[in-house]
Amino acid sequence: MIDYKNLMRDPLKDSTVYVAGGFKLALKDPRAIRLNANENPFGPSPVAKEAMTKQLERGSYYPGDIMYDFKNHLAEFLNMETANLNLYNGSGSAINAMGDLFLNPGDEVLICSPTYMQYYDLPSHYAAKLVEVPAKDGLYTDLDAMYAAITPKTKLIFVCNPNNPTGTLLENGKLAEFVAKLPKNIICVVDEAYFDWVTAPDYKSAVSLVSDENSLVVFRTFSKIYGMAGIRMGYAVSNKALSSTISMSAGMFYSNRIAAAGAMASIDDLEFYKKVKDNNTEQRKYLSEEMNKMGIDVVPSQTSFIYFNPHADNEKIMAALEEKFIFIRRFDDPYLRVSVGKPEQNQIFLDALKEILADLKK
Ligand SMILES: Cc1ncc(COP(=O)(O)O)c(C=O)c1O
C-alpha cells in the first residue's frame, strides 16, 4: 500500500484532518440542537433563497457574470471599490489564501490565544512558525503584547475582532493605533466574522481603517448573520495594491453563482437582518442572565455565542448534553462555548444545563 503522505509537500506530512466546527455525525439527527458552530438558526433569508433558486437555472454557466454584479453591489454596500475586494468560498478560504500567498518556511504568524482554531494550523502547512501571546485574563486580545512579539520574521498577524471563542471586543481606538504603527511588510488580517452582532455603541469596523498607508486585510463572511454557512461566501477588503496581489491566489473562481445570488439578495434584506440580530441581542442577554443565576461565570459577549466557565466537570457536562442531543463546544478548561439559538432551543439548553449541574453537585 502506498502511503500518500509521502507524496505530500514536506510541511504537510505531519498534518491531521481538520474537523470544522467540532462536527459529529449525530448533528445530522433531526433532534439535534446545534449550538456548537455559531450557525444562524433562521437563515438564509427568504429573499436570498428565492434569488438562489432562480440561479439554479443558470447552473451550467460559469459564474463570471454574477460575480461581477455581486462585487459591484458589495463595493457599493461597503463604500469601497471593486478593486479593494476579493471573494472567497467562505472566509475560511481567505484564511488559507493568506498562507498560500505569503508564508515561506521560517516566517512567523502572530496570534493572541485563545482565538479562532483555523489560524493555529495554518503556519505548519508552510513550515512557518506560530507565535502566540496570551490574551489578557485569558479573554481579551492584547494588542500591546502582540506588538511586542513582532520580530523581523513576522509576516502575518491574525486579529479576530470580536474574538472567537471568547466573544470579546477590542477597546475602541486600540486597533487603529496598532495598525498605524505596524511595518507595511507585515500583513495584518482583522477577521470580522462576527462584527454584525456587535451592540457596543462605540464599535467601529476595521474596514474604515483600510488605506494605502497600511497592509490591513479585513475578512467578512455571509456564514453568520446572513445564515449562509452551508452555501459559502466570504470576502477580503484591502487597499488596491494588496488586493491585486491577493487576487493572484484566487484561481478562476472562488465561490459560485448560487452563493453570489444569495449574498447579493441578503445584503438588501434589512428586515431579515434586523430580525436575526434582535433575536441574538435579546437571547444573548437572556442566556447570560440565566447562566449567571446558576453560578456560572459568563464572559460578556458581543457575538452570536457565549464563552463560559461552569465551575464543573466539562467532560461530564458535554457528555450529558450530547445524550440529550444538545451540542455545544468545549475549549481548554475551564471554558465551554454555546451559540445563541432560537428562544426555544436556548430554553432547552438552559433547562438541560441546570439539571446536569444539579446532578453533578449531588
Ligand atoms: C473567526 C472566524 N473566522 C472565520 C470563520 C470561517 O467562516 P466561513 O468560512 O464560514 O466564512 C469562522 C467560522 O466559524 C470564524 O469563527
Side-chain angles (χ1 to χ4, degrees), residues 18-23 27 34-41 43-44 48 70 74 85-100 109-122 132 135 139-141 156-170 175 188-198 205-207 217-237 249-250 254-256 258-260 262-263 266-267 276 280 299 301-307 327-331 335-341:
Y18 175 69
V19 183
F23 189 80
L27 281 162
R34 300 167 62 117
L35 301 175
N36 64 319
N38 309 330
E39 293 159 329
N40 180 342
F70 173 52
L74 187 60
L85 307 179
N86 278 286
L87 304 179
Y88 290 97
N89 192 28
S91 54
S93 304
I95 295 169
N96 289 336
M98 294 300 110
D100 280 351
V109 178
L110 181 56
I111 61 168
C112 183
S113 285
T115 189
Y116 182 48
M117 268 186 60
Q118 212 190 328
Y119 315 146
Y120 289 83
D121 239 20
L122 188 78
E132 287 176 77
L139 298 173
Y140 302 96
T141 303
L156 194 54
I157 297 178
F158 285 105
V159 178
C160 189
N161 192 46
N163 188 43
N164 181 9
T166 58
T168 53
L169 193 62
L170 281 167
L175 189 62
C188 179
V189 171
V190 177
D191 185 339
E192 294 193 339
Y194 297 98
F195 93 101
D196 292 283
W197 308 110
V198 174
S205 157
V207 167
V217 192
V218 183
F219 289 173
R220 299 257 185 95
T221 179
F222 283 82
S223 295
K224 305 298 172 184
I225 206 157
Y226 296 112
M228 288 179 43
I231 299 160
R232 318 299 298 138
M233 178 61 84
Y235 61 94
V237 188
S249 88
Y254 266 160
S255 198
N256 62 78
I258 310 295
S266 295
I267 288 180
V276 173
N280 190 72
V299 178
S301 169
Q302 284 290 306
T303 58
S304 58
F305 52 84
I306 295 167
Y307 195 57
F327 297 87
I328 66 167
R329 197 75 184 269
R330 185 179 178 190
F331 288 86
Y335 287 104
L336 299 175
R337 187 194 71 193
V338 62
S339 306
V340 178

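In listed order, ligands and their atoms are each counted from 1.
In terms of modelled atom types and a separation under 3.5 Å, the side chain of N280 and the main chain of T303 share a donor-acceptor contact. Looking only at distances, no side-chain donor or acceptor of N36 sits under 3.5 Å from a matching main-chain atom of R329. The backbone N or O of L170 sits less than 3.5 Å from a side-chain atom of N161, completing a donor-acceptor pair. Side chain of Y307 to backbone of F331: no donor-acceptor contact under 3.5 angstrom is found. Judged by distance alone, with hydrogens and angles left aside, the side-chain atoms of Q118 form a donor-acceptor pair with the main-chain N or O of G92 at under 3.5 Å.
Atom 3 (N) of ligand 1 has its closest protein heavy atom at D191 OD2, 2.6 Å. In terms of protein heavy atoms, atom 4 (C) of ligand 1 is closest to S91 OG, 3.3 Å. Protein heavy atom at the shortest distance from atom 10 (O) of ligand 1 is S223 OG, 2.6 Å. Of the protein's heavy atoms, K224 NZ, 2.9 Å lies nearest to atom 14 (O) of ligand 1.
Taking any N or O of Y194, backbone or side chain, at least one lies under 3.5 Å from an N or O belonging to ligand 1. Checking only distances, A229 never comes within under 3.5 Å of ligand 1, N or O to N or O. For ligand 1, the polar-atom distance check against T221 finds a nitrogen or oxygen pair separated by under 3.5 Å.
Ring pair Y88/Y254 is tilted by interplanar angle, where 30° to 60° counts as tilted. Classified by interplanar angle (parallel below 30°, tilted 30° to 60°, perpendicular above 60°), the ring pair F70/F222 is perpendicular.
Close approach of ligand 1 to G92 is summarised as follows: ligand atoms under 4.0 Å from at least one heavy atom of the residue are 6 (C), 8 (P), 9 (O), 11 (O). Atom numbering of ligand 1 starts at 1 in the shown order; those under 4.0 Å from a heavy atom of G90 are 9 (O), 11 (O). Which parts of ligand 1 touch R232 is read off a 4.0 Å heavy-atom cut-off, strictly below it: atoms 8 (P), 9 (O), 10 (O). Close approach of ligand 1 to C160 is summarised as follows: ligand atoms under 4.0 Å from at least one heavy atom of the residue are 1 (C).
Assignment of N164 to the shell around ligand 1 is supported, since a heavy atom sits closer than 4.0 Å. Heavy-atom separations between M233 and ligand 1 are all 4.0 Å or longer.
For the pair F195 and V207, the minimum side-chain heavy-atom distance is 4.5 Å or more.
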### Task
Report the C-alpha separation of V189 and F219 in whole Å, then their side-chain angles, then the decisive distance to 0.1 Å, and conclude whether the side-chain contact (heavy atoms from CB on, under 4.5 Å) test is met.
CA-CA 7 Å; V189 171; F219 289 173; 3.6 Å; yes

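Counting heavy atoms closer than 4.0 Å to ligand 1, residue Q118 contributes nothing at all.
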